[in-house]
Amino acid sequence: MAEDIKAKLERYKTAPFDSRFPNQNQTKNCWQNYLDFHRCEKAMAAKGADATPCQWYYRVYKSLCPTSWVTMWDEYREEGTFPGKI
C-alpha cells in the first residue's frame, strides 16, 4: 500500500477531482485536506508509523489553499486557538 501511495505522489501534479466538493468553490476542499493532513500526522505519530501517506493531503491542500490561509491556520494551531478539530 505504501508503494501505491508513493507512486501516486510521484505522478501528482495538482489536486484531483473530489466528488465531495463538486462545485467551483474549493474552499471546503482546502479546509478538509488541511484538517486531514494534520489528523493523519497525529494518528501516525501515535502509532509510531511512517507518515508518508499523509503527504497526499499535504500536497492537495498546498495546491488548493492560499498561502496566507495556511500561515494563519499554522499560527492558530501553535497558539492553541485553531477552530478545527484535529
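Everything quoted here is computed from the prediction, not taken from an experiment.
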Task: Residues forming a side chain to side chain contact (heavy atoms under 4.5 Å, CB included) with A43, sequence neighbours excluded - done: none
Open item on the list: Test of understanding: with ring pair (Phe, Tyr, Trp, His ring centres under 6.0 Å), list the residues that count as partners of F37, not counting sequence neighbours.
Closed with: Y58, Y61
Open item on the list: Please enumerate all residues that pass side-chain hydrogen bond (donor to acceptor under 3.5 Å, both in side chains) together with Q26, with sequence neighbours excluded.
Closed with: N29
TODO: Drop me the distance from Y57's OH to Q32's CD, to the nearest 0.5 angstrom.
DONE: 9.0 Å
- [ ] Please collect all salt bridge (charged side-chain N to carboxylate O under 4.0 Å, His left out) contacts where either partner lies in residues 76-86, sequence neighbours excluded, each pair once.
- [x] D74-R77
Open item on the list: For a quick test of reading the model, state the closest non-hydrogen atom pair linking P53 to C40 and the distance between them.
Closed with: C-SG, 4.5 Å
- [ ] May I ask you to decide if R59's main-chain N or O and S63's side chain share a donor-acceptor pair within less than 3.5 Å?
- [x] no
Open item on the list: With rounding to the nearest 0.5 angstrom, report the CG to CD distance, D36 to E41.
Closed with: 12.0 Å
TODO: Quick one: closest heavy-atom pair of K62 and V70, and the distance?
DONE: NZ-CG1, 4.3 Å
TODO: Could you please spell out the steps behind the side chain to side chain contact (heavy atoms under 4.5 Å, CB included) verdict for L35 and F82?
DONE: CA-CA 11 Å; L35 291 177; F82 184 70; 3.5 Å; yes
List, one per line, each side-chain donor-acceptor pair under 3.5 Å for residues 15-24, sequence neighbours excluded.
| unit_1 | atom_1 | unit_2 | atom_2 | d |
| --- | --- | --- | --- | --- |
| D18 | OD1 | R20 | N | 3.1 |
| D18 | OD1 | R20 | NE | 3.2 |
| D18 | OD2 | R20 | NE | 3.3 |
| D18 | OD2 | R20 | NH2 | 2.7 |

Open item on the list: With a 6.0 Å cut-off on the ring centroids, do W73 and W31 count as close?
Closed with: yes
Task: Residues which pass side chain to side chain contact (heavy atoms under 4.5 Å, CB included) with M72, listed by chain and number, not counting sequence neighbours - done: Y76
Open item on the list: Just to verify, what does T27 make a side-chain hydrogen bond (donor to acceptor under 3.5 Å, both in side chains) with, not counting sequence neighbours?
Closed with: N25
Open item on the list: Run the side chain to side chain contact (heavy atoms under 4.5 Å, CB included) test against A51 and tell me which residues pass, sequence neighbours left out.
Closed with: M44, C54
